[in-house]
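The structure appears below as structure tokens.
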Amino acid sequence: MKMKAPAKNVVRCTWATNELSILYHDREWGVPQHDDRVLFEFLILEDAQAWLSWDTILRKRENYRAAFDGFDPEKIARYERRKTQRLLRDEGIIRNRLKVASAIQNARAFLEVQEEFGSFDRYIWQFVGGKPRVNAWRLGKGIPASTPESDSMSKDLKKRGFNFVGSTICYAFMQATGLVNDHAVECFRYPR
């Protein structure tokens, strides 16, 4: 997919500092997502990002799509030892045994949630009452690393068998998928 260069001379959230993060910020971050496959992709990517920079994940994102079968949870849930070993040798992704195992376990748990709720979308949006929470942060002011909603989401996901879903990871997931709007009020994306 070919994208136009990001607009210059506009006010953005302070973390969008290079071309890749600016494109991500301008086109995806904070956009409410309701497609289960996209929600699963962000769940896997946020898990992979734990203890790393988001820029690292953005640079490896296309490799993740290829390595993890387009983030198809049904395929990933069936991964066995041979596929796991191939993933651990794939230099295009984060080759952390726990994170790879977590992606497979989370695919299985994801499918169980879909079965129970009809969709992961229906399940995950309940944590914000079905519509995005709109915050009003100023540029340069501290956005929290977690909230009571992300605490609740983390606790429930863990209870359902998900891994690498601490409250901070859940809050980053909520920001990425638009469950919360954490664009700074000065950012051109805030009103959207």
Side-chain angles (χ1 to χ4, degrees), residues 1-7 10 12-79 83-111 114 120-121 124 132 143 145 150 153 157 162-166 168-183 187-189 192:
M1 159 170 61
K2 187 165 179 149
M3 294 187 185
K4 286 187 336 188
V10 297
R12 290 183 175 84
C13 297
T14 56
W15 59 264
T17 58
N18 59 55
E19 188 170 352
L20 196 55
S21 66
I22 289 171
L23 283 170
Y24 171 68
H25 170 273
D26 290 2
R27 293 181 173 87
E28 292 184 82
W29 193 73
V31 174
Q33 294 295 333
H34 295 282
D35 180 283
D36 273 12
R37 196 215 48 84
V38 174
L39 291 166
F40 182 67
E41 176 178 348
F42 276 105
L43 186 64
I44 297 302
L45 293 175
E46 291 295 346
D47 288 356
Q49 187 269 332
W51 309 299
L52 301 169
S53 75
W54 187 245
D55 280 349
T56 298
I57 301 306
L58 287 176
R59 284 192 302 275
K60 294 180 177 281
R61 189 175 186 185
E62 289 306 315
N63 297 330
Y64 265 91
R65 284 184 176 140
F68 283 91
D69 291 298
F71 296 107
D72 181 333
E74 290 184 12
K75 288 181 180 177
I76 296 168
R78 293 191 306 267
Y79 285 180
K83 175 66 174 185
T84 301
Q85 293 304 316
R86 238 186 338 248
L87 288 169
L88 292 172
R89 290 189 304 271
D90 187 336
E91 294 180 8
I93 67 168
I94 306 303
R95 295 177 295 167
N96 176 297
R97 185 173 304 282
L98 294 175
K99 291 179 181 184
V100 169
S102 176
I104 298 165
Q105 173 55 36
N106 287 351
R108 294 172 182 150
F110 186 91
L111 294 174
Q114 282 183 317
F120 189 77
D121 172 67
I124 207 69
I143 296 174
S150 68
M153 179 187 291
L157 286 168
F162 287 82
N163 293 313
F164 276 90
V165 288
T168 299
I169 288 174
C170 285
Y171 195 65
F173 171 83
M174 293 171 76
Q175 291 171 310
T177 59
L179 276 77
V180 295
N181 177 356
D182 270 352
H183 285 283
C187 176
F188 85 101
R189 295 280 297 142
R192 298 178 188 187

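Everything numeric here is computed off the predicted structure, so don't read it as measured data.
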Closest non-hydrogen atom pair between [X] and [Y], with its separation:
| X | Y | answer |
| --- | --- | --- |
| T56 | I94 | CG2-CD1, 4.0 Å |
| F173 | L39 | CE1-O, 3.3 Å |
| E28 | F42 | OE1-CZ, 3.7 Å |
| A176 | Y24 | CB-OH, 3.4 Å |
| I22 | A16 | CG1-O, 3.6 Å |
| I76 | A107 | CG2-CB, 3.6 Å |

Which value, rounded to the nearest 0.5 Å, describes the distance between [X] atom [atom1] and [Y] atom [atom2]?
| X | Y | atom1 | atom2 | value |
| --- | --- | --- | --- | --- |
| C187 | D26 | SG | CG | 7.5 Å |
| K60 | L45 | NZ | CG | 12.5 Å |
| L88 | K83 | CG | NZ | 11.0 Å |
| I124 | Q33 | CD1 | CD | 13.0 Å |
| F110 | L157 | CZ | CG | 10.5 Å |
| T177 | D35 | OG1 | CG | 12.0 Å |

D182 versus Q175, side-chain donor and acceptor atoms under 3.5 Å: yes

Polar contact flag, side-chain donor to acceptor under 3.5 angstrom, D47-N106: yes

Please check this pair: side chain of [X] against backbone of [Y], looking for a donor-acceptor N/O pair closer than 3.5 Å.
| X | Y | answer |
| --- | --- | --- |
| N96 | A48 | no |
| N63 | G92 | yes |
| D69 | D72 | no |
| R65 | R61 | no |
| K99 | A50 | yes |

Full working for side chain to side chain contact (heavy atoms under 4.5 Å, CB included) between R189 and V31: CA-CA 9 Å; R189 295 280 297 142; V31 174; 3.1 Å; yes

[Y] and [X], any side-chain heavy atoms less than 4.5 Å apart:
| X | Y | answer |
| --- | --- | --- |
| M153 | L179 | yes |
| I104 | T84 | yes |
| L98 | F164 | yes |
| R12 | F188 | yes |
| D55 | N18 | yes |
| F68 | F40 | no |
| L111 | F120 | no |
| H183 | H25 | yes |

Parallel, tilted or perpendicular, as decided by the 30° and 60° cut-offs, for the rings of F71 and Y64: parallel

Side chain to side chain contact (heavy atoms under 4.5 Å, CB included) evaluation trace for L58 with L23: CA-CA 10 Å; L58 287 176; L23 283 170; over 6 Å; no

W29/W54 aromatic ring centres below 6.0 Å: no

